[in-house]
Number of protein chains: 2
Amino acid sequence: MDIFIEPIGKLINEFSKLPGVGKKTAQRYAYKIIDMPEAEARAFADAILGVKRKVKYCKVCGNFTEEETCAICRVREKTTICVVKEPKDVAAIEKLHEFKGVYHVLHGVIDPLSGVGPNDIRIRELLARLQDGGVKEVIVATNPDVSGDATAMYIAKLIKPFDITVTRLAHGIPIGSEIEYTDEVTLARAFVERNQI
Amino acid sequence: MDIFIEPIGKLINEFSKLPGVGKKTAQRYAYKIIDMPEAEARAFADAILGVKRKVKYCKVCGNFTEEETCAICRVREKTTICVVKEPKDVAAIEKLHEFKGVYHVLHGVIDPLSGVGPNDIRIRELLARLQDGGVKEVIVATNPDVSGDATAMYIAKLIKPFDITVTRLAHGIPIGSEIEYTDEVTLARAFVERNQI
């Protein structure tokens, strides 16, 4: 005899597909759904279907949007483009309310080991945007890992012929952390990128 | 401008309703749904609607079931009844494959501070089952907290007139843990409930 009846087992299985969710957590989530009023559970299911139905990618930058182009592309000044790997990186940067330019989402990074080459991500679309003119700076904000760095270097090289500044986010010791506990790679990078005070 | 477009914000909000899920985790879950193939997201939504539509409570024991009575009530021997607070406790005990009797789910415990009295939980239904005869032992497996203990005592008193043994799960030091790190209440309980070896 199964411990869970079929509809509950099914829901636990679905929740287990979420990142970092094991059987035990999935179970807790499933119990929560069972305890929800009918209307609330329906709203939950509708929200899941809603993102699949309504969320598209911006024709210009590749960010999430419900329209042809995203709200950022529609209103922001376009002299600075921040290049990121995924739409969620846009959300992370937007939270700062610091960056006032537009984005370009690559939808991936160059990673030969996984068979992802320059043509598999939205680099061509980035170059097309630069050819239109008006862009003064491209900030490459890919993750500070091997493939993120490789992608940044590749993009920098491609942009060189244009009269455009290419920058990369600074690496170093996180604010509020301690030198003693900073990992060696980051600490070494902080030395190399040290600034005059 | 909102950081998230409306359908994504809505889904993040829904995921935030799950126990222990904050904005950040809800966001990760929402991104996972966005990345899912359409069919997979639909299966997820269907699973949520499925539990609301199909899961009922067993007429006899109060456990989850798709039928009138649950699979446990249908096939198990009925001389021993294990009384638990919620259906999820049934799942926890069933995992042991140790207990061979049937259950009785109270759907709550007596908790005057929250306005839950004996008539608000399924105690009357338990007594009705006992009156039918054949039951030899009632194991009260409510949680070892104030309301769980109070409920156990209350039920034990009610059952006294019947010729039925009432037992309660043992309290003590968890297997594999160390005496040094066992909390004081548990350790004191372990002294009181010490067994001859």
Side-chain angles (χ1 to χ4, degrees), chain A residues 1-15 17-21 25 27-55 63-67 70-72 75-76 86-88 90-95 97, chain B residues 1-15 17-21 25 27-55 63-67 70-72 75-76 86-88 90-95 97:
Chain A
M1 196 188 310
D2 278 337
I3 289 167
F4 300 106
I5 57 173
E6 194 252 331
I8 299 178
K10 222 173 203 170
L11 184 56
I12 291 174
N13 187 39
E14 291 297 336
F15 275 127
K17 292 177 184 170
L18 297 175
V21 175
T25 306
Q27 226 171 285
R28 286 181 67 207
Y29 293 171
Y31 287 132
K32 174 72 187 180
I33 299 286
I34 294 170
D35 287 342
M36 273 183 183
E38 172 92 34
E40 212 172 302
R42 189 167 296 276
F44 203 137
D46 283 347
I48 288 175
L49 297 174
V51 292
K52 292 310 295 182
R53 205 174 51 237
K54 294 181 201 158
V55 176
N63 189 21
F64 294 136
T65 179
E66 292 183 84
E67 324 281 333
C70 74
I72 294 172
V75 302
R76 296 275 192 81
E86 290 171 289
K88 55 183 150 194
V90 174
I93 295 169
E94 279 300 289
K95 257 181 214 155
H97 300 289
Chain B
M1 194 188 312
D2 278 334
I3 289 167
F4 299 105
I5 57 174
E6 193 253 332
I8 299 179
K10 222 175 205 169
L11 185 56
I12 291 173
N13 188 38
E14 292 296 336
F15 275 126
K17 293 177 184 169
L18 296 176
V21 175
T25 306
Q27 227 171 285
R28 286 180 67 208
Y29 292 171
Y31 287 133
K32 173 72 187 180
I33 299 287
I34 295 170
D35 287 340
M36 274 184 185
E38 173 92 34
E40 211 172 304
R42 188 166 296 275
F44 203 138
D46 284 346
I48 289 174
L49 297 174
V51 293
K52 292 312 292 180
R53 204 174 51 236
K54 294 182 201 159
V55 176
N63 188 20
F64 294 135
T65 179
E66 291 182 85
E67 324 282 333
C70 75
I72 294 172
V75 302
R76 295 277 190 82
E86 291 170 288
K88 54 182 150 194
V90 173
I93 295 169
E94 280 299 292
K95 257 182 215 154
H97 300 291

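Note that these values count all heavy atoms, side chains included, but never hydrogens, waters or copies made by symmetry. Here is the naming used below: chain letters follow the sequence lines, and residue numbers restart at 1 for every chain. On a predicted model such as this, the values are computed, not experimentally measured, just so you know.
With chain A as the partner, the residue from Gly20(B), Pro19(B), Ala47(B) showing the most heavy-atom pairs under 4.5 Å is Pro19(B). Ranked by heavy-atom pairs shorter than 4.5 Å toward chain A, the options Asp46(B), Asn63(B), Leu11(B) are led by Leu11(B). When the candidates Ala45(A), Cys70(A), Gly50(A), Pro87(A) are compared by the number of heavy-atom contacts under 4.5 Å with chain B, Ala45(A) comes out ahead.
The two atoms that bring Ile12(B) and Ala30(B) nearest to each other are CG1-CB, 3.7 Å, heavy atoms only. The minimum heavy-atom distance linking Lys52(A) with Ile34(B) is given by the pair NZ-O, 2.8 Å.
A salt bridge links Glu6(B) with Lys10(B): the distance from a Lys NZ or Arg NE/NH1/NH2 to an Asp or Glu carboxylate oxygen falls below 4.0 Å.
Interface residue Glu40(A): backbone and side-chain heavy atoms are both found under 4.5 Å from chain B. Both the backbone and the side chain of Ala43(A) come within less than 4.5 Å of a heavy atom in chain B. Residue Lys32(A) touches chain B through its side chain alone, counting heavy-atom pairs closer than 4.5 Å. With a 4.5 angstrom heavy-atom cutoff, Tyr31(B) touches chain A only via side-chain atoms. Of the atoms belonging to Val90(B), not a single heavy atom falls under 4.5 Å from chain A. Of the atoms belonging to Phe4(B), it is side-chain heavy atoms, and not backbone ones, that fall under 4.5 Å from chain A.
Inter-residue side-chain proximity for Ile5(A) and Lys54(B) is flagged as unmet; no heavy-atom pair is nearer than 4.5 Å. The side-chain heavy atoms of Met36(A) and Ile48(B), taken from C-beta on, include no pair separated by under 4.5 Å. Proximity of Leu18(A) to Phe15(A): side-chain heavy atoms (C-beta onward) are separated by under 4.5 Å at one or more points.
Residues satisfying the side-chain hydrogen bond (donor to acceptor under 3.5 Å, both in side chains) criterion with Glu86(A), sequence neighbours excluded, are absent altogether.
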